Amino acid sequence: MNRVIMSEIDIVKNLQVIRDKIQKAVQKRPAELKFQPRLVAVSKTKPKELVIAAYNAGQRHFGENYVQELFDKGNDPELVESCPDIHWHFIGHLQRNKVNKVLAVPGLYLVETVDTEKLASTLNSAWEKKEKSEKLKVMVQVNTSGEEEKNGCSPEETTSLVKHVLESCKSLELVGLMTIGMYGYDTSKGPNPDFVCLKKVRSSVCESLNLNIESLELSMGMSDDFEQAIELGSSNIRVGSLIFGARQKKVSISESGITEGVQNVKLDQ
Ligand SMILES: *Cc1c(COP(=O)(O)O)cnc(C)c1O
């Protein structure tokens with residue numbers, strides 16, 4: 001109990017610090033980008049008590065990247081009762097045979113990781129069967145770093161995937177593009193190439209399909225780089241460890257030879 005109370009205090013403070021940093025980053029953007037970015041609190045591996053604590057501190061958008069964990073937290077009676085206005089984002093790799101499980105989460109707001117036409121079509125028909133009045137919000141995940149272990153469609157494939165969602169998935173509402181990006185990028189080297197790439201991909205998608213650029217959001221930026229992502233036009237940042245504390249590590253640093261923050265995220269994919 002004590003542990004939870006301690007964390008609650010930290011979470012309130014952590015959220016406040018991040019909100020202040022978001023506002024500062026917003027001020028640094030060019031005038032046309034003055035919209036308010038959405039903060040998604042990534043609660044993967046963290047207990048429901050911490051989700052509830054963050055909710056009580058005013059946080060409404062939460063992200064999970066494991067299907068089972070999202071399902072369990074999202075359906076937890078205490079959480080459902082304590083957080084009636086929760087907005088869940090699914091941000092992990094989604095296999096088609098797990099789609100129904102994700103769609104069975106009350107409060108599901110957005111699936112950020114659509115990366116193939118098949119997955120889009122599966123989500124579309126599964127949502128259609130639910131006969132909801134609203135469409136299911138989705139984003140297309142783009143593998144901007146070209147790393148093989150990353151999911152996401154390639155920048156070159158993005159236009160055709162977006163076209164498929166818009167034209168053939170009538171129960172889906174495409175709200176934007178998402179990238180995870182390379183880990184541990186040194187921001188002193190200039191703008192993060194993944195963020196620059198996602199912006200370029202959006203421009204070319206919008207040009208090819210004759211879409212308004214404002215019609216596609218950008219989901220980019222995590223604990224290490226959300227301020228820079230906001231400055232570059234992110235509208236949806238996904239922040240985990242800065243809010244909830246570092247996650248449990250699965251291998252030692254000496255084994256992997258990679259730096260702490262890097263490893264921390266990488267293993268959770
Ligand atoms: C874990 C995760 C995050 C949050 O990472 P932090 O570095 O803890 O902020 C964001 N996006 C995705 C897709 C993740 O899997």
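These numbers come from a predicted model, not from an experiment. Starting from 1, each residue takes its place in the sequence as its number.
- In this structure a side-chain-to-backbone donor-acceptor pair under 3.5 Å is missing from Arg29 to Gly233.
- At least one donor-acceptor pair under 3.5 Å links the side chain of Ser223 to the backbone N or O of Leu242.
- Ser43 has its side chain out of reach of Gln59: every pair of non-hydrogen atoms, C-beta onward, lies at least 4.5 Å apart.
- Hydrophobic cluster membership differs between Phe71 and Val80, with clusters built from Ile, Leu, Val, Met, Phe, Trp and Tyr side chains linked at under 4.5 angstrom.
- The salt bridge (Lys or Arg N to Asp or Glu O under 4.0 Å) pairs that include a residue from residues 175-184 number zero, where partners must be two or more places apart or lie in different chains.
- When the salt bridge (Lys or Arg N to Asp or Glu O under 4.0 Å) test is applied to Arg19, no partner is found at least two apart in sequence or on another chain.
- Among residues two or more places apart in sequence or in another chain, the salt bridge (Lys or Arg N to Asp or Glu O under 4.0 Å) test is passed with Asp85 by Arg60.
- Side-chain contact between Leu50 and Ile243 is absent, with no heavy-atom pair separated by less than 4.5 Å.
- By the 4.5 Å heavy-atom criterion applied to side chains, Asp20 and Gln23 are not counted as neighbours.
- With contacts defined as side-chain heavy-atom distances shorter than 4.5 Å, the pair Glu227/Lys24 does not qualify.
- A distance of 7.0 Å separates OG in Ser82 from CG in Asn56, rounded to the nearest 0.5 Å.
- Every side chain to side chain contact (heavy atoms under 4.5 Å, CB included) that Thr187 has, sequence neighbours left out, goes to Tyr185, Gln228.
- Sorted by first and then second residue, the side-chain hydrogen bond (donor to acceptor under 3.5 Å, both in side chains) pairs involving residues 129-139 (not counting sequence neighbours) form an empty list.
- The salt bridge (Lys or Arg N to Asp or Glu O under 4.0 Å) analysis of residues 100-111, with sequence neighbours excluded, yields no pairs.
- Taking Ile, Leu, Val, Met, Phe, Trp and Tyr as hydrophobic and joining them when side-chain heavy atoms fall under 4.5 Å apart, one finds Ile213 isolated, its cluster having no other members.
- Arg38 meets the salt bridge (Lys or Arg N to Asp or Glu O under 4.0 Å) test with Glu217; sequence neighbours excluded.
- Separation of atoms OG1 (Thr122) and CG (Asn100) is listed at 9.5 Å; rounding is to 0.5 Å.
- Of all non-hydrogen atoms in Phe62 and Tyr55, the two that sit nearest each other are CZ-N, 3.8 Å.
- Using a 4.5 Å cut-off between side-chain heavy atoms of Ile, Leu, Val, Met, Phe, Trp and Tyr, with links allowed through other members, Val26 and Val239 fall into the same hydrophobic cluster.
- Residue pairs meeting the salt bridge (Lys or Arg N to Asp or Glu O under 4.0 Å) criterion with at least one partner in residues 66-83, sequence neighbours excluded, are Lys48-Asp76, Lys48-Glu78, Glu64-Lys73, Glu69-Lys73.
- Listed for the Arg202 side chain is a donor-acceptor partner under 3.5 Å among the backbone atoms of Leu216.
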**OP:** Please test Val140 against Cys153 for side chain to side chain contact (heavy atoms under 4.5 Å, CB included), starting from the C-alpha separation and ending with a verdict.
**Re:** CA-CA 8 Å; Val140 162; Cys153 68; 3.9 Å; yes
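- Remark: Glu173 CD is packed, more than 12 non-hydrogen atoms of other residues, nucleotides or ligands lying under 6.0 Å away.
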**OP:** For Ile18 and Phe226, run side chain to side chain contact (heavy atoms under 4.5 Å, CB included): C-alpha distance rounded to whole Å, both residues' side-chain angles, the deciding distance at 0.1 Å, then the answer.
**Re:** CA-CA 9 Å; Ile18 294 164; Phe226 71 91; 4.0 Å; yes
Subject >> Gln16/Val12 under side chain to side chain contact (heavy atoms under 4.5 Å, CB included): CA gap, chis, key distance, verdict >> reply: CA-CA 6 Å; Gln16 195 49 55; Val12 173; 5.8 Å; no
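- The minimum heavy-atom distance linking Ile52 with Leu79 is given by the pair CD1-CA, 4.1 Å.
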Taking distance alone, no hydrogens or angles, what donor-acceptor pairs closer than 3.5 Å link side-chain atoms of residues 106-115 to residues at least two apart or in another chain?
from   : atom 1 : to     : atom 2 : distance (Å)
Glu112 : OE1    : Ser219 : OG     : 2.7
Glu112 : OE2    : His89  : ND1    : 2.7
Glu112 : OE2    : Asn236 : ND2    : 2.9
Thr113 : OG1    : Gly92  : O      : 2.7
Asp115 : OD2    : Gly152 : N      : 3.2

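- Every pair passing salt bridge (Lys or Arg N to Asp or Glu O under 4.0 Å) that includes a residue from residues 155-172 is listed here, sequence neighbours excluded: Lys163-Glu167.
- When each of Asn65, Thr116, Val67 is paired with Leu94, the side-chain contact (heavy atoms from CB on, under 4.5 Å) condition holds for Val67 and for no other.
- Contact check for His61 versus Leu39: no side-chain heavy atoms found under the 4.5 Å cut-off.
- In this structure the side chain of Val51 reaches within 4.5 angstrom of the side chain of Ile86, judged on heavy atoms.
- When side chains are defined from C-beta on, Asn143 does not count as touching Asn151, because their heavy atoms never get closer than 4.5 Å.
- To the nearest 0.5 Å, atoms NZ (Lys150) and CG (Asp194) are separated by 6.5 Å.
- Taking CE from Met222 and CZ from Arg238, the interatomic distance works out to 6.0 Å, rounded to the nearest 0.5 Å.
- To the nearest 0.5 Å, atom CG of residue Leu198 and atom OG1 of residue Thr179 are 5.5 Å apart.
- Cluster membership check: Val40 does not share its hydrophobic cluster with Ile22, using side-chain heavy-atom separations under 4.5 Å among Ile, Leu, Val, Met, Phe, Trp and Tyr.
- The minimum heavy-atom distance between Ser145 and Met182, with the atom names listed, is CB-CE, 4.0 Å.
- Once rounded to the nearest 0.5 Å, the distance linking CE of Met220 with CD1 of Ile230 reads 9.5 Å.
- Judged purely by atom type and a 3.5 angstrom limit, Lys199 uses its side chain to pair as donor or acceptor with the backbone of Leu232.
- Residues Ser171 and Asn124 come closest through the heavy atom pair N-OD1, 2.7 Å.
- In this structure, Leu172 is a member of the same hydrophobic cluster as Leu166, with clusters built from ILVMFWY side-chain heavy atoms closer than 4.5 Å.
- Nearest heavy-atom pair, Ser234 versus Leu218, reported as atom, atom and distance to 0.1 Å: OG-O, 3.4 Å.
- When every heavy atom of Val142 is checked against every heavy atom of Ser154, the shortest pair comes out as CG1-C, 4.3 Å.
- Between Glu231 and Phe195 there is no side-chain heavy-atom pair separated by less than 4.5 Å.
- Apart from Leu33 itself, the hydrophobic cluster it occupies contains Phe35, where clustering links Ile, Leu, Val, Met, Phe, Trp and Tyr at side-chain heavy-atom distances under 4.5 Å.
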